[in-house]
Amino acid sequence: MNYQSKIRVKAPATVANLVCGFDILGLALNDPEDIMEMCLSEQPGIRIKHTDGYDLPVEPEKNVAGAALIAFLQELKKDIGIDLSINKCIKPGSGLGSSAASSAGAVVAANYLTGNTFSNEDLVRFAMNGEKVASGVKHADNIAPCIYGGITLIRSIFPLDIIPLSGPPLYVAVIHPQIEVRTSDARQILRKEVKLKDAIKQWGNIAGLVSGFLKNDYNLIGRSLEDVIIEPVRSILIPGFDQVKRGSKEAGALGGGISGSGPSIFMLCKEKTTADNVQRIMSEVYEKIGVDYKTYITTVNYNGVRIEPIVKGN
Ligand code: HSE
């Protein structure tokens with residue numbers, strides 16, 4: 001047990017669903033990322049502190065990182081305590097995997113400090129308890145890419161079956177309108193049944209997108225980024241969505257859509273210059289409709305959660 005060291009953890013934002021792969025596909029981003037600090041204690045219990053100004057609960061069972069750590073400690077079966085300080089740079093309710101970053105970062109850090117007993121798949125399983133607290137449902141399409149890095153396919157969550165996918169170099173342009181969409185609400189409004197003809201289209205697109213990533217086929221990725229089931233319902237919660245999507249594609253983006261449950265919108269691009277143009281177009285749309293926003297141009301993060309020892313004086 002490493003009681004002496006304090007570590008810093010960087011947990012990346014993630015884009016879940018990747019348009020057609022509701023609850024089964026996701027990728028990790030290099031920007032933004034949450035920063036946390038953790039150390040172990042001989043005094044049992046989980047103590048959480050937020051240094052980010054967000055009014056998030058700190059009681060372990062109500063906090064997403066806390067819920068993940070409770071599951072972790074239950075299986076570790078050791079009487080230890082954990083002190084965790086969280087500085088969120090990924091805004092809650094952004095659609096960029098904010099809750100996943102907290103819970104994934106927390107369990108990766110705890111695993112490191114306790115001797116790496118658990119596999120990445122175990123850590124995803126623990127961290128999904130945080131998603132349950134956040135949205136009422138266990139889903140792994142933010143957690144898995146956050147922990148594994150890169151692009152991940154979650155073929156099944158019960159039992160877990162996670163398949164890391166390779167992909168070609170990609171630039172990701174993201175706009176985060178400064179409105180909050182709660183994942184629980186964005187799930188609530190979804191229809192519970194789909195038409196067979198829509199399901200067939202969606203299956204084709206998911207298979208096409210996965211093949212496109214594996215074959216480094218930008219064209220195939222682009223034509224597979226289509227969602228006939230979730231996007232038509234959820235996009236009504238996001239002002240300017242259609243204009244952003246149309247404008248971005250006209251500017252050469254491969255395609256994109258709602259990031260996770262929104263309100264952020266992401267676009268995949270082959271070239272940095274295209275991503276720059278897409279960012280400009282996204283900003284223009286939101287300037288026009290008068291909604292505050294934040295944009296990012298970033299790339300796929302292939303490391304996942306990163307641990308850094310804290311050197312004294314830092
Ligand atoms: N797959 C989840 C959803 C991701 O779309 O509800 C939430 O970030």
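Order of appearance sets the numbers: ligands from 1, and atoms from 1 within every ligand. Atoms considered below: every heavy atom in the structure, side chains included; atoms not considered: hydrogens, waters and symmetry mates. Residue numbers start at 1 and run along the sequence shown.
- When each of Leu170, Leu268, Leu29, Val15 is paired with Val300, the side-chain contact (heavy atoms from CB on, under 4.5 Å) condition holds for Leu170 and for no other.
- Comment: Lys88 does not engage Asp52 in a salt bridge, judged by the lack of any side-chain N to carboxylate O separation of less than 4.0 angstrom.
- Taking a cut-off of under 4.0 Å to the non-hydrogen atoms of Ala16, the atoms of ligand 1 that pass are 4 (C).
- Checked options Asp141, Thr152, Asn142, Asn301; the residue passing with Thr14 is Asn142 (criterion: side-chain hydrogen bond (donor to acceptor under 3.5 Å, both in side chains)).
- Ring-plane geometry between Phe72 and Phe118 is classed as perpendicular, the angle between the planes exceeding 60 degrees on a 0 to 90 degree scale with a lower cut at 30.
- If you look at Asp23 next to ligand 1, the close heavy atoms, those under 4.0 Å, come from the backbone and the side chain alike.
- Short contacts between ligand 1 and Asn17, defined as distances under 4.0 Å to a heavy atom of the residue, involve ligand atoms 1 (N), 2 (C), 3 (C), 5 (O).
- The Phe22 neighbourhood of ligand 1 comprises atoms 3 (C), 5 (O), 6 (O), with distances under 4.0 Å to a heavy atom of that residue.
- Selection from Arg187, His139, Arg234 by nearest heavy atom to atom 7 (C) of ligand 1 gives His139.
- Considering Thr183, Val181, Asn142, Leu96 only, the shortest heavy-atom separation from atom 8 (O) of ligand 1 involves Asn142.
- Within a 6.0 Å sphere centred on CZ of Arg47, other residues, nucleotides and ligands contribute more than 12 heavy atoms.
- Contact annotation for Ile230 and ligand 1: no heavy atom of the residue comes within less than 4.0 Å of the ligand.
- Counting heavy-atom neighbours within 6.0 Å of Gln188 CD, excluding the residue itself, gives a total of 12 or less.
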